[in-house]
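Input: a single structure, listed below in structure tokens.
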Amino acid sequence: MRTGIFVGSFNPFTVGHDSIVTRALPLFDRLVIGVVGDQVHKPDMPSAEERIKAIADLYRDEPRIEVKPYYGLAVDFARAENAHFIVKGVRSVKDFEYEREQADVNRQLSGVETILLYAEPQYSSISSTMVRELQHFGVDVSPYLPHKNH
């Protein structure tokens with residue numbers, strides 16, 4: 001079984017994240033969305049349980065997708081899930097450089113390969129940080145959050 005993981009804090013899970021999941025899914029028999037557990041303390045961050053539930057609800061009709069908490073290194077989570085691939089989204093050159101370095105280290109540590117999917121142009125400026133900031137100022141962020149059932 002070909003398994004990939006897609007990891008992040010997903011605070012919140014955006015339309016950009018949804019695009020990466022939707023586009024990565026055909027590559028795998030199983031895609032595990034790993035949500036950073038509660039050991040990471042960011043201001044106003046919903047609990048891992050809340051974030052997991054929201055994402056799991058989004059994909060409840062897609063049996064190939066599982067949503068789980070993860071702690072520690074992504075490569076350790078990949079190993080625990082018997083995944084040989086980490087899926088990452090890339091919006092910019094800055095993202096690319098960071099992810100390239102991470103991919104090199106992850107491959108050296110574990111042999112796990114990283115698959116980079118470029119953000120669709122309409123999502124290239126959307127980030128969880130941007131959504132949180134807009135929320136803070138009372139802006140309706142619903143256009144940046146996925147609302148569909150897959």
Side-chain angles (χ1 to χ4, degrees), residues 1-120 123-136 141 144-146 149-150:
M1 176 177 282
R2 187 177 298 267
T3 300
I5 63 168
F6 180 47
V7 296
S9 58
F10 304 121
N11 178 30
F13 192 83
T14 70
V15 291
H17 295 128
D18 178 57
S19 170
I20 297 298
V21 168
T22 301
R23 292 165 49 220
L25 192 56
L27 303 173
F28 302 104
D29 302 307
R30 178 174 166 254
L31 183 62
V32 182
I33 300 172
V35 178
V36 170
D38 290 329
Q39 85 280 14
V40 174
H41 298 289
K42 294 182 180 178
D44 302 321
M45 183 153 156
S47 71
E49 185 177 304
E50 291 173 82
R51 289 174 283 133
I52 289 166
K53 182 183 180 328
I55 298 166
D57 285 350
L58 186 64
Y59 299 110
R60 68 178 165 266
D61 296 328
E62 178 46 74
R64 295 174 296 165
I65 295 176
E66 297 174 33
V67 186
K68 298 180 176 184
Y70 92 95
Y71 306 91
L73 297 175
V75 292
D76 292 337
F77 182 64
R79 202 174 290 123
E81 293 299 325
N82 198 27
H84 295 95
F85 303 94
I86 298 172
V87 175
K88 301 295 283 196
V90 176
R91 294 170 297 182
S92 66
V93 171
K94 184 173 86 172
D95 283 355
F96 175 81
E97 285 298 327
Y98 175 80
E99 296 301 346
R100 184 188 58 75
E101 291 172 4
Q102 290 293 306
D104 288 346
V105 171
N106 288 339
R107 190 179 324 98
Q108 290 169 16
L109 289 174
S110 67
V112 172
E113 288 291 343
T114 299
I115 296 174
L116 300 179
L117 293 178
Y118 295 100
E120 293 179 87
Y123 302 135
S124 64
S125 63
I126 297 172
S127 69
S128 294
T129 301
M130 183 263 316
V131 172
R132 286 193 312 273
E133 188 167 330
L134 291 174
Q135 260 178 330
H136 174 77
V141 296
Y144 306 111
L145 305 175
N149 289 324
H150 290 50

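Values below: every heavy atom of this structure, side chains too, minus hydrogens, waters and symmetry copies. Count residues from 1 along the sequence.
Applying the side-chain contact (heavy atoms from CB on, under 4.5 Å) rule to V105 yields the partners L109; only residues at least two apart in sequence or on another chain are considered. For S124, the side chain to side chain donor-acceptor pair (under 3.5 Å) criterion is met by no residue, not counting sequence neighbours. Remark: F77 engages Y70 in a ring-ring contact (aromatic ring centres under 6.0 Å, His included) (not counting sequence neighbours). Qualifying side chain to side chain donor-acceptor pair (under 3.5 Å) partners for E120, counting only residues two or more places apart in sequence or in other chains: S19. Residues that satisfy the ring-ring contact (aromatic ring centres under 6.0 Å, His included) test with F85, not counting sequence neighbours, are F28. Taking E99 as the reference, K88 meet the salt bridge (charged side-chain N to carboxylate O under 4.0 Å, His left out) condition, with sequence neighbours excluded. For E133, the side chain to side chain donor-acceptor pair (under 3.5 Å) test picks out no residue, with sequence neighbours left out. Every residue meeting the side-chain contact (heavy atoms from CB on, under 4.5 Å) condition with V15, not counting sequence neighbours, appears here in chain and number order: Y123, I126, P146. In this structure S125 satisfies the side-chain contact (heavy atoms from CB on, under 4.5 Å) test with no other residue, sequence neighbours excluded. Every residue two or more places apart in sequence or in another chain that forms a side-chain contact (heavy atoms from CB on, under 4.5 Å) with S127 is listed here: R91, T129, M130. Taking E113 as the reference, R107 meet the side chain to side chain donor-acceptor pair (under 3.5 Å) condition, with sequence neighbours excluded. R100 pairs by the salt bridge (charged side-chain N to carboxylate O under 4.0 Å, His left out) definition with E97, D104, not counting sequence neighbours.
Side chain of R51 to backbone of F10: no donor-acceptor contact under 3.5 angstrom is found. A donor-acceptor pair under 3.5 Å is absent between the side-chain atoms of R30 and the main chain of E66, judged by distance alone. Without hydrogens or angle criteria, S128 side chain to P12 main chain gives a donor-acceptor distance under 3.5 Å.
Atoms NE2 and CD1, from H84 and I5 in turn, are 11.5 Å apart once rounded to the nearest 0.5 Å. Rounded to the nearest 0.5 angstrom, L145 CG and T14 OG1 are separated by 7.5 Å. The distance from the CD1 atom of I20 to the CG atom of L117 is 5.0 Å, given to the nearest 0.5 Å. The CD1 atom of I33 lies 5.0 Å from the OH atom of Y59; values are rounded to the nearest 0.5 Å. In this structure, CG on N106 lies 9.5 Å from CG on D76, to the nearest 0.5 angstrom.
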Checklist entry - Could you go step by step and tell me if L134 and V141 meet the side chain to side chain contact (heavy atoms under 4.5 Å, CB included) rule? => result CA-CA 7 Å; L134 291 174; V141 296; 3.8 Å; yes
Item to check | Audit row: I86, V75, side chain to side chain contact (heavy atoms under 4.5 Å, CB included) steps and yes/no | outcome: CA-CA 8 Å; I86 298 172; V75 292; 4.2 Å; yes
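Shortest non-hydrogen contact noted between R2 and L27 is CD-O, 3.0 Å. The two atoms that bring V35 and S9 nearest to each other are CG1-O, 4.1 Å, heavy atoms only. In this structure, D61 and P63 approach most closely via the heavy-atom pair O-CD, 3.4 Å. What you find for A74 and V7 is that their closest heavy atoms are CB-CG2, 4.0 Å. Heavy atoms only, all atoms of each residue included: R23 and P26 are closest at O-CD, 3.4 Å. In terms of heavy atoms, A78 sits closest to V112 at CB-CG2, 4.1 Å.
Within the 4.5 Å cutoff, the side chain of F6 has no heavy atoms near those of the I115 side chain. Using a 4.5 Å heavy-atom threshold, the side chains of L25 and E62 count as touching.
Between the side chains of D95 and Y118, not a single donor N or O lies within less than 3.5 Å of an accepting N or O.
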